[in-house]
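The block underneath contains the structure these notes are about, expressed in structure tokens.
These figures come from a predicted structure and were not determined experimentally. Per chain, numbering begins at 1; letters A, B, ... match sequence-line order.
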2 protein chains.
Amino acid sequence: MIFSKTFGYALRGILYIALMQDEKRFVQIEEMAQKLGVPRHFLGKIMKRLVKEGMLLSVKGPYGGYTLSDATLQMPLLRLEDLTDGLGTFNNCVLRLRACNATNPCPLHFQMERIKGDLRRVMETTTIADLLHKDKKEFINSIATYEFDGSMLENEN
Amino acid sequence: MIFSKTFGYALRGILYIALMQDEKRFVQIEEMAQKLGVPRHFLGKIMKRLVKEGMLLSVKGPYGGYTLSDATLQMPLLRLEDLTDGLGTFNNCVLRLRACNATNPCPLHFQMERIKGDLRRVMETTTIADLLHKDKKEFINSIATYEFDGSMLENEN
DNA sequence: TGAATAAAAGACATCGTTGTCCTTTATGGT
DNA sequence: ACCATAAAGGACAACGATGTCTTTTATTCA
Ligand code: FES
Ligand code: FES
């Protein structure tokens with residue numbers, strides 16, 4: 001499946017936080033989980049990890065929550081993939097046979113080397129910021145599990 | 001990880017059978033598992049599945065085992081992927097958000113559409129037979145978990 | 001200082017993948 | 001018919017990914 005669920009949740013969480021930065025300083029996990037349609041506590045675990053790894057900042061207590069710096073916006077997706085799924089997709093043999101290299105290639109090595117290289121290039125050259133753009137309501141719908149009318153954006157904050 | 005272990009075992013099993021066809025009519029699971037360095041009973045399950053789906057033929061009893069037809073050699077890898085992992089990699093959104101299409105694309109859709117298209121093309125146009133070639137000993141080493149000296153090829157058959 | 005809020009932390013549950021083991025069925029040789 | 005061989009089938013175990021729940025820690029505000 002290329003990416004794990006964890007990677008998907010992490011990316012969507014980060015994008016949601018990035019999107020909210022002009023409105024509010026910190027975003028709470030509860031709000032993220034609801035808007036994105038993602039399991040709350042599981043998302044919490046993932047966010048905690050990202051904080052520890054320096055990709056997010058968090059503040060406890062009232063008015064606290066998660067936020068991110070410009071540096072994070074400029075990070076390539078590969079960094080996030082590394083923190084969640086690891087880089088096995090690129091470093092390991094697709095058939096999981098010892099080391100992956102041209103010296104002792106598996107039957108799929110050369111075909112997959114191309115694909116893996118292309119994928120890696122995309123993950124290396126695409127930053128979090130690159131995924132943003134567009135208008136806000138449409139963008140939130142594009143990362144939410146279920147659509148919701150944009151009115152929820154203004155409401156209870 | 002792109003492919004499951006199951007897919008890897010299945011492919012290596014099929015290639016091993018294909019490779020042995022000039023020597024012996026049927027290949028036993030025991031031999032396959034040992035030579036490839038793969039869990040025996042798990043491999044059995046996978047082979048059973050491939051037989052049921054028409055990708056392999058099997059015969060029970062003494063001198064029995066698995067074999068495959070020319071038709072199987074001409075099958076694209078995509079068929080095997082379908083029988084093991086399914087085609088979710090190609091049909092689903094990489095973030096697992098509803099349907100994957102350009103109408104309501106996720107933030108990674110267009111980047112991943114290209115990669116997924118390339119991968120699919122490889123899987124569609126590459127057949128089992130395409131992976132064979134080369135000299136036998138070298139090829140077996142390329143699908144075995146651990147190297148073994150070629151003498152094992154001649155020995156106890 | 002006390003109450004409320006929100007993340008951090010850790011224990012535990014569920015589920016799909018991977019792997020093992022035992023019994024049943026089919027086949028060939030005697 | 002009987003025995004040996006080998007796949008088919010099904011029960012179950014181990015494990016990692018995913019998901020839930022409760023307790024602890026940090027922070028804000030009154
Ligand atoms: S050796 Fe298998 S993908 Fe490189
Ligand atoms: S919509 Fe996400 S990959 Fe197509």
Quiz item: So, A:Arg12 side chain and A:Ile143 main chain: donor-acceptor pair closer than 3.5 Å or not?
Solution: yes
Quiz prompt | Atom-to-atom span, CG of A:Asp85 to P of D:dA17 - whole angstrom | solution = 9 Å
Quiz item: Which nucleotide in the list C:dA6, C:dT20, D:dT22 gets nearest to the side chain of B:Phe42?
Solution: C:dT20
Quiz item: Taking atom NZ of B:Lys134 as the centre, does the number of heavy atoms from other residues, nucleotides or ligands within less than 6.0 Å exceed 12?
Solution: yes
Exercise. Using a cut-off of strictly less than 4.0 Å, decide whether B:Lys5 has a side-chain nitrogen or oxygen near OP1 or OP2 of C:dG19.
Key: yes
Self-check item: Sidechain-backbone polar pair: B:Lys116 side chain, B:Asn92 backbone, donor-acceptor under 3.5 Å
Solution: yes
Exercise. Can you tell me the distance, in whole Å, between the CD1 atom of B:Ile46 and the P atom of C:dT20?
Key: 12 Å
Quiz item: Among D:dT20, C:dA7, C:dG19, which is the nearest nucleotide to the side chain of A:Pro39?
Solution: D:dT20
Quiz item: If you look at every strand shown and take non-hydrogen atoms under 4.0 Å, does B:Tyr66 touch a base, only sugar-phosphate, or nothing?
Solution: sugar-phosphate
Exercise. Using atom CD of A:Glu31 as one end and atom P of C:dA6 as the other, report the distance to the nearest whole Å.
Key: 10 Å
Self-check item: Euclidean distance, atom CZ of residue A:Arg96 to atom C1' of C:dG19 [Å, nearest integer]
Solution: 14 Å
Practice problem: Measure the distance from CZ on A:Phe3 to C1' on D:dA17 and round it to the nearest whole Å. | Solution: 17 Å
Practice problem: Measure from the side-chain heavy atoms of B:Lys45 and tell me the nearest of C:dG19, C:dA7, C:dT25. | Solution: C:dG19
Self-check item: Spacing of A:Ile29 atom CD1 relative to D:dG19 atom P, expressed in whole Å
Solution: 14 Å
Quiz item: Counting any heavy atom closer than 4.0 Å, what does A:Tyr9 reach on the DNA or RNA strands: base, sugar-phosphate only, or nothing?
Solution: sugar-phosphate
Self-check item: Gap between atoms CZ and P, on B:Arg49 and D:dA7 respectively (whole Å)
Solution: 19 Å
Quiz item: Once you round to the nearest 0.5 Å, how far does OG1 of A:Thr126 lie from CZ of A:Arg121?
Solution: 12.0 Å
Quiz item: Is the distance from OP1 or OP2 of C:dT18 to the nearest side-chain N or O of B:Thr6 less than 4.0 Å?
Solution: yes
Self-check item: Residue B:Gln28, side-chain atoms from C-beta onward, closest of D:dA6, C:dA8, D:dG10
Solution: D:dA6
Practice problem: Using the closest heavy atom to pick a nucleotide of DNA chain D for each, name whichever of A:Val59 or B:Tyr63 lands nearer the 5' end. | Solution: B:Tyr63
Practice problem: Specify the residue among B:Val27 and A:Ser4 whose closest nucleotide of DNA chain D lies further upstream toward the 5′ end. | Solution: B:Val27
Practice problem: Round to a whole Å and report the spacing from NZ of B:Lys48 to P of C:dT25. | Solution: 14 Å
Quiz item: More than 12 foreign heavy atoms under 6.0 Å from CZ of B:Arg25: is that the case here?
Solution: no
